[in-house]
Amino acid sequence: MNSKNKKLIVANWKMNVVSEKDAENLFLSIKNVVPKLDYVKMVTCPPHMYVSQVAALVDHPNYRVGGQDAYPEESGSRTGETSVLMMKNAGAEYIILGHSERRHLETKLDVARKISAVLEHEMTPIICIGEESRDKTWKKQLQKQLQDVFTRVPKKNPENIIIAYEPIWAISSDKKSPASAAECMEALEVIKAELLKIFKTAKAVSAIRFLYGGSLDDKNIEEFLKETDVDGFLIGRVSLDPRILMTMFRLVDDHVYQSSLKKEEE
Ligand code: PGA
């Protein structure tokens, strides 16, 4: 199975798992499911201190491990920081960067340096981009975020870059329908047009993978599967609920399978 056909599901546990036991139980509750699916690849992003523990439980290529942030320098006098190299040595292959819950703690330069360091270590950055609200500046907000980071990072290997479109107003929202598939497509159009200006070629932009994130669950994921062309999803709150997560895996797997059948018929 070509891994390009698989949808990537990134589970961002945030700071919601507070002991080794919790981390183990949560991971084990879904561990047997993903290997049975043909079209799903899952990246679990635990809090830093449980990364190596979860990595040690991974025994199938459909599972990978990621971090929720990392410091760009390899080592040194940086009290309290965890470096990209440390994360790599602990078993992480992906790092979520620029998440809106961290943006107040870091400058655009910090985010750009982190992306560069992750790429230098041949890991995959999952870069979060999203507008604060859908006011009349929303497109400009996305364009600025992209310019702020991507003009400062190496553009050699766009296939190693993942961008997660996460409208900030849609993250962990209690609204029934926080963002629609149409809004996601509209934003991706803006994002891709801006990336074309930065990366210069359509080939480079098409090599970048795009995720959607923001209050996804088993009720709304089908809309995004049917009406967008995203390569996967970044999931926060419901990644802590194995029952919902498993339903989402099956919906994703089934959707990609049905679409591949349709393509064969054409
Ligand atoms: P959510 O979180 O699924 O709870 O909205 C997504 C995220 O913050 O990455």
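Atoms within a ligand are numbered from 1 in the order they appear, just like the ligands themselves.
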Answer side chain, backbone, both or neither: which part of N12 comes under 4.0 Å from ligand 1, heavy atoms only. side chain
Measure centre to centre between the rings of F27 and Y63, then say whether the value is under 6.0 Å. yes
Subset of ligand 1 atoms that lie under 4.0 Å from at least one heavy atom of S172: 1 (P), 2 (O), 4 (O), 5 (O)
If we number the atoms of ligand 1 from 1 as shown, the ones under 4.0 Å from a heavy atom of I171 are 2 (O), 5 (O), 8 (O)
Could you tell me, atom by atom, which parts of ligand 1 come under 4.0 Å of a heavy atom of R237? 1 (P), 3 (O), 4 (O)
Closest non-hydrogen protein atom to atom 7 (C) of ligand 1, residue and atom name please, with distance? E166 OE2, 3.2 Å
Show me which atoms of ligand 1 lie under 4.0 Å from any heavy atom of L234. 9 (O)
Out of D254, V252, V230, which residue meets the side-chain contact (heavy atoms from CB on, under 4.5 Å) rule with L225? V252
At less than 4.0 angstrom from any non-hydrogen atom of K14, what atoms of ligand 1 do you find? 2 (O), 7 (C), 8 (O)
Spacing of CD belonging to Q143 relative to NZ belonging to K197, to within rounding of 0.5 Å: 5.5 Å
What atoms of ligand 1 come within less than 4.0 Å of a heavy atom belonging to H99? 7 (C), 8 (O), 9 (O)
So, K36 and D253, do they make that salt bridge, N to O below 4.0 Å? no
Angle class for the Y39/Y257 ring planes (parallel below 30°, perpendicular above 60°, tilted otherwise)? tilted
Do S173 and ligand 1 have an N or O pair less than 3.5 Å apart? no
Please identify which atoms of ligand 1 are closer than 4.0 Å to at least one heavy atom of G214. 5 (O)
Is it true that the side chains of T137 and Q141 contain a donor and an acceptor less than 3.5 Å apart? yes
Salt bridge present between K139 and E186 (N-O < 4.0 angstrom): no
Using a plain distance cutoff, I'd like to know if G236 has any nitrogen or oxygen under 3.5 Å from a nitrogen or oxygen of ligand 1. yes
Donor-acceptor pair between W169 and E131 side chains, under 3.5 angstrom: yes
Report yes or no: does a heavy atom of S215 sit under 4.0 Å from some atom of ligand 1? yes
